[in-house]
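For reference, the structure discussed in these notes is given below.
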There are 2 protein chains.
Amino acid sequence: MLDKLNTHHHGNLHEALIVAGIELLNEGGMHALTLRKCAARAGVSHAAPAHHFDGLNGLLAAIVARGFQQFTEAMVGEREKAAKDPFSILCAICRGYLKFAITNEALFNLMFSPQMQDLEDNNSQRELPDAYQVLRDACAPFKHGSNGAAGTELMVWSLVHGFAQLTRKNRVHPDKHTTDDTNFDNILRDLKLELV
Amino acid sequence: MLDKLNTHHHGNLHEALIVAGIELLNEGGMHALTLRKCAARAGVSHAAPAHHFDGLNGLLAAIVARGFQQFTEAMVGEREKAAKDPFSILCAICRGYLKFAITNEALFNLMFSPQMQDLEDNNSQRELPDAYQVLRDACAPFKHGSNGAAGTELMVWSLVHGFAQLTRKNRVHPDKHTTDDTNFDNILRDLKLELV
DNA sequence: CTTATATATTGACACTGTCAAGTTTATGAT
DNA sequence: ATCATAAACTTGACAGTGTCAATATATAAG
């Protein structure tokens with residue numbers, strides 16, 4: 001039992017399949033993510049994943065859950081490195097947000113794709129609140145607009161999310177491709193958020 | 001040649017395939033959009049589409065192009081019905097934006113999916129500018145922030161786009177599901193845009 | 001040691017997109 | 001008018017895909 005080579009059991013196939021899936025996602029996009037390729041990369045037959053996930057959708061849901069963990073870590077990681085005033089923290093959160101969206105493009109898109117949102121509603125997995133709470137905390141110190149705290153959160157959340165979607169390939173500004181994530185600080189500044 | 005029944009030629013297969021594709025998209029989501037099903041719905045064999053589009057990607061590109069046309073029409077349609085002051089016009093544009101995103105969920109997601117953006121870059125089709133110009137015009141009357149006119153446009157564009165993505169299934173506010181498109185007017189108000 | 005259960009394999013099925021080759025229809029030149 | 005050519009569509013095949021049923025193997029329990 002010391003070496004598991006040539007054994008029938010994999011040991012930790014559940015985890016291996018998730019990792020393989022995220023790898024495939026990063027390498028070749030959503031199109032390259034396949035149940036059979038995940039199995040092959042984990043060194044296992046094509047039908048093995050069925051014993052660990054409820055089909056492809058189950059694996060996708062697990063990958064998305066893992067993605068939200070890393071997503072939260074990306075935001076918190078930037079927050080740790082930033083200055084401790086509210087506006088710097090908010091900028092750092094958004095920087096982590098955009099950094100993750102750019103670094104893990106396909107995964108990010110999968111996480112927020114409509115089919116995944118449907119799956120989550122059915123399974124009520126609710127990984128999002130962790131990531132959302134990070135952003136909520138960053139919005140808390142600011143004065144709220146006409147829609148209360150939820151309005152401020154929704155505004156910042158929509159803004160950074162839309163920015164992430166739109167600036168992937170200079171979609172918005174074909175002429176001048178200066179839409180780096182550094183520019184987002186200026187957009188946040190234009191919101192003229194006031195401390196409470 | 002008066003009736004084309006039982007004839008070898010379809011007559012307008014190109015258009016029929018696009019229409020069939022959008023129908024399938026609305027009925028069953030991205031998962032239901034299939035080259036073979038489009039062909040079947042158009043009453044034609046499974047390999048016929050290859051003579052009108054460059055494979056599935058070609059059909060998708062055509063569907064996306066059609067989608068952007070309808071997208072622009074949705075925004076312009078709301079603008080026509082609105083009052084003529086700049087802020088009402090901007091609200092109307094966003095209302096059309098969100099209306100289209102909600103009504104054509106799968107199509108909207110396809111339009112802004114990364115793979116489509118890649119395809120457009122290769123083909124340089126550039127249907128987006130039409131829709132973007134509508135939003136640009138609506139932003140023009142307002143004073144610009146630290147990033148100039150492009151910054152204002154990007155801010156509004158990101159905001160409404162992110163809002164559309166996030167409020168599809170009450171993703172943002174699991175507790176209170178009051179994120180109608182009417183609330184977006186309040187968010188726009190909180191931007192405190194000033195006339196130039 | 002025997003039994004039982006979780007784990008993985010094999011094989012099959014209905015799909016998918018794509019390609020090559022053949023068939024029918026329309027068009028155009030002589 | 002006749003024939004050649006091109007366009008439109010069909011047929012058949014191929015490699016992949018997800019999923020299911022049946023099978024084999026390894027681990028665990030009694």
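Note that the coordinates shown come from a computational prediction; the quantities given were computed from them, not determined experimentally. Every chain is numbered from 1 and lettered A, B, ... according to where its sequence line falls, protein lines coming before strand lines.
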Handout entry: Distance, rounded to the nearest Å, where A:Phe53 contributes CZ and C:dA6 contributes C1'
Key = 16 Å
Handout entry: Side chain proximity check, B:Leu191 to A:Met155, heavy atoms < 4.5 angstrom
Key = yes
Fill in the blank from the handout: Ordered by number, residues from residues 14-27 of chain A within less than 4.0 Å of DNA chain D (heavy atoms) are none
Handout entry: Proximity of B:Phe163 and A:His161 rings by center, below 6.0 Å
Key = no
Exercise for the section: Determine yes or no for a side-chain-to-main-chain donor-acceptor pair under 3.5 angstrom, with A:Lys84 supplying the side chain and A:Glu80 the backbone. Expected result: yes
Problem - CG/A:Asp85: more than 12 non-hydrogen atoms of other groups inside 6.0 Å - result: yes
Fill in the blank from the handout: Paired with B:Phe100, the ring-ring contact (aromatic ring centres under 6.0 Å, His included) test is passed by just one of B:Phe71, B:Phe112, B:Phe68, namely B:Phe71
Problem - Atom pair CG/OG of B:Asp185 and B:Ser88 - distance to nearest 0.5 Å - result: 8.5 Å
Handout entry: Worked check of side chain to side chain donor-acceptor pair (under 3.5 Å) between A:Gln133 and A:Asp137
Key = CA-CA 6 Å; A:Gln133 188 61 42; A:Asp137 293 343; 2.9 Å; yes
Problem - Separation of C:dA26 C1' from B:His51 NE2 (nearest whole Å) - result: 15 Å
Practice task
Side chain of B:Leu35 only, please: which of C:dT18, D:dA8, C:dA8 is the nearest?
Solution key: C:dT18
Exercise for the section: Could you state the atom-to-atom distance from CG of A:Leu56 to P of C:dT16 in whole Å? Expected result: 16 Å
Handout entry: Presence of salt bridge, B:Glu27 and B:Arg41, under 4.0 angstrom
Key = yes
Practice task
Using whole Å, report how far CG of A:Leu13 lies from P of D:dA26.
Solution key: 17 Å
Practice task
Please state how far atom CG in B:Asn57 lies from atom P in C:dC19, giving the value in whole angstrom units.
Solution key: 11 Å
Each nucleotide N or O in nucleotides 11-16 of chain D that has a protein N or O under 3.5 Å away: list the pair and distance.
| from | atom 1 | to | atom 2 | distance (Å) |
| --- | --- | --- | --- | --- |
| D:dG12 | O6 | B:His46 | NE2 | 2.8 |

